[in-house]
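Here's the structure, in structure tokens; my notes come after.
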2 protein chains.
Amino acid sequence: MNSHDTHVGGPDLAALAALLADGTRADFCLALLDGRAWTAIELARHAGVAASTATGHLNLLVGGGLLTQERQGRHRYVRLADPDTAELIEKLASMAPRRADPPRSLPAANRDRALARARTCYDHLAGTLGVAITEAMTDRGMLDWEQGLTLTGDGTAWLAELGIALPPATRRPPVRSCLDWTERRPHLAGAAGAALCRHAFDAGWITRIGTSRAVALTDTGERALTDRLGLAVGTHTPAG
Amino acid sequence: MNSHDTHVGGPDLAALAALLADGTRADFCLALLDGRAWTAIELARHAGVAASTATGHLNLLVGGGLLTQERQGRHRYVRLADPDTAELIEKLASMAPRRADPPRSLPAANRDRALARARTCYDHLAGTLGVAITEAMTDRGMLDWEQGLTLTGDGTAWLAELGIALPPATRRPPVRSCLDWTERRPHLAGAAGAALCRHAFDAGWITRIGTSRAVALTDTGERALTDRLGLAVGTHTPAG
DNA sequence: GCGATCCTTCGGCCTCCACCGAAGTGTCCG
DNA sequence: CGGACACTTCGGTGGAGGCCGAAGGATCGC
């Protein structure tokens with residue numbers, strides 16, 4: 001026996017980490033980081049495992065509180081349990097080593113380029129677009145990074161103009177910085193980031209590309225961002 | 001084969017999580033969360049494993065970038081690699097399930113009570129004391145939680161009075177909230193939290209209890225906190 | 001009702017890895 | 001120089017857990 005039981009009542013860090021220490025479960029969580037609900041079979045195919053294997057993993061993840069599920073007919077929908085969980089996975093992803101070298105196919109490369117350009121990160125925007133919006137907001141004095149990330153009066157006003165009212169001080173911070181693992185630069189997350197992303201979908205600024213977590217900036221969106229943020233977005237001619 | 005290699009170049013979340021998915025390695029990291037350097041044998045005894053086992057674990061943790069080491073004669077000192085790593089472990093600890101029921105010994109209970117009262121959490125103060133200081137600072141308008149945690153002008157001035165100058169905006173936020181896993185309430189972390197903790201040691205407000213991460217509030221410290229924060233600290237008569 | 005589809009349970013296989021003790025190296029101290 | 005101590009390497013053991021396919025529900029659409 002080793003003396004793990006000396007620390008009874010303390011956090012069982014290993015149990016939580018073990019949930020994410022398997023390649024397949026980690027794949028599931030990274031996929032779910034797009035904030036949407038997936039069915040068991042979608043995840044299984046995505047990770048390349050048998051359905052029975054996926055069932056086992058989902059039971060563990062749901063049991064461990066990382067995912068929540070919802071049954072609809074013969075489908076089992078799962079999603080990340082809450083923003084806190086998404087934050088944990090983001091943090092792990094930002095600190096984790098990269099995978100081995102990329103001897104990749106052309107379609108895969110295209111898919112990845114779309115993903116790097118603009119995508120959802122749980123409930124907010126990431127990728128080049130997410131970073132660009134964040135930096136434009138900073139340049140216009142809507143965000144302040146001096147004393148931790150804060151939303152200025154101008155920022156609150158700008159959001160209000162869009163019809164976005166922030167919820168009153170909950171446990172969740174209104175603005176939070178999230179490290180982008182393709183750009184390696186922070187972008188806007190938290191309640192305000194989520195609200196802004198929701199608005200971007202609702203107003204038709206962005207749309208999903210197929211069923212992936214990648215999003216495309218529409219012409220409407222491009223115009224809106226130019227008008228409202230002075231953002232010159234080169235999304236149609238990727239500079240990479 | 002499963003298709004983990006479809007995501008070449010993406011973060012290898014599982015590899016990082018696997019480092020923390022073992023009970024012994026998790027024990028090591030939680031112990032190192034006191035911010036100090038431990039020798040291999042101290043950690044081995046703490047976790048109740050053989051020295052050879054500890055060597056293997058430390059190789060993995062150092063190799064994975066979670067710990068840094070320093071050789072001094074026949075000793076191998078290890079510590080957490082950086083504040084980012086400490087933050088990751090804190091986050092995991094705050095979300096992890098508690099261990100099974102506590103059928104504990106009296107000395108262990110005393111040790112835990114001292115730990116709950118006041119301790120270091122990597123480089124800042126936690127426990128009842130850490131939370132109390134944070135709340136007193138909030139009450140006096142030095143901290144603002146409205147738009148994420150920020151240090152107000154009053155807060156900056158108060159720190160300056162103590163001779164604490166914050167480093168100019170680095171990547172590390174000056175103030176950050178850290179969730180306490182005994183109190184379940186946030187306390188002050190980040191650069192300011194670290195500086196305040198350092199000052200508390202230097203000025204003799206607190207001292208280490210033996211070799212643990214628990215600290216005791218000195219009479220000097222109690223007076224200083226009463227004078228400067230209006231804090232009525234009941235540390236000598238624990239109310240629990 | 002009848003297939004098709006989604007999911008689950010079960011049994012068996014197989015790999016991975018945490019553990020220890022024994023033996024060896026390097027360092028400190030008397 | 002010799003003993004004590006900190007650490008490392010190595011081989012062997014045992015348990016945990018990830019994987020699959022086959023078989024059995026449950027649900028949908030026709």
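In this text the structure is predicted, and so the values were computed from the model without any measurement. Here is how names work: the chains are called A, B, and so on, in the same order as the sequence lines, proteins then strands, and each is numbered from 1.
- When all heavy atoms of Ala54(B) and Ala40(B) are compared, the pair lying nearest together is CB-O, 4.1 Å.
- Residues Glu90(B) and Cys178(B) come closest through the heavy atom pair OE1-SG, 3.0 Å.
- Distance, Arg45(A) CZ to dT5(C) P: 10 Å, rounded to whole Å.
- Between the CG atom of Asp27(B) and the P atom of dC19(C) there is a distance of 10 Å, given to the nearest Å.
- Distance CZ (Phe28(B)) to C1' (dC7(D)): 13 Å, rounded to an integer number of Å.
- Leu20(B) is not listed as a side-chain neighbour of Arg25(B), based on a closest heavy-atom distance of 4.5 Å or more.
- Here the P atom of nucleotide dC19(C) and the CG atom of Asn59(B) are 14 Å apart, to the nearest Å.
- Among the atoms of the strands shown, only primed sugar atoms or phosphate atoms (P, OP1, OP2) are found under 4.0 Å from some heavy atom of Ala50(B).
- Considering only side-chain atoms of Ser52(B), the nucleotide from dC20(C), dC7(D), dA18(C) that sits closest is dC20(C).
- Nucleotide dA16(D) holds its P atom 18 Å from the NE2 atom of His57(A), rounded to whole Å.
- Side-chain contact check for Leu60(B) versus Asp22(B): every heavy-atom pair is 4.5 Å or farther apart.
- Annotation: side chain to side chain donor-acceptor pair (under 3.5 Å) contacts of Trp38(A) (sequence neighbours excluded): Asp34(A).
- A donor-acceptor pair shorter than 3.5 Å cannot be found between the side chains of Asp27(B) and Thr24(B).
- Here the side chain of Thr39(A) is nearest to one of dC7(C), dA22(C), dG18(D), namely dC7(C).
- Atom-to-atom, CG of Leu20(B) to P of dA18(C) comes out at 12 Å; the value is rounded to the nearest Å.
- Thr120(B) and Arg36(B) share no donor-acceptor pair across their side chains, judged by distance under 3.5 Å alone.
- Counting to the nearest Å, the P atom of dC19(D) and the CG atom of Leu43(A) are 14 Å from each other.
- Closest to the Val49(A) side chain, of the nucleotides dA6(D), dC20(D), dA18(C), is dC20(D).
- Following rounding to the nearest Å, Glu42(A) (CD) and dT5(C) (P) show an atom-to-atom distance of 15 Å.
- Each of Tyr77(B) and Leu60(A) was assigned the nucleotide of DNA chain D with the nearest heavy atom; the assignment lying further toward the 5' end belongs to Tyr77(B).
- Residue Thr53(A) has its side chain nearest to dC19(D) when only dT8(D), dC6(C), dC19(D) are considered.
- Interface residues of residues 66-76 of chain A facing DNA chain C, ordered by number: Arg71(A), Arg74(A), His75(A), Arg76(A); criterion, heavy-atom separation under 4.0 Å.
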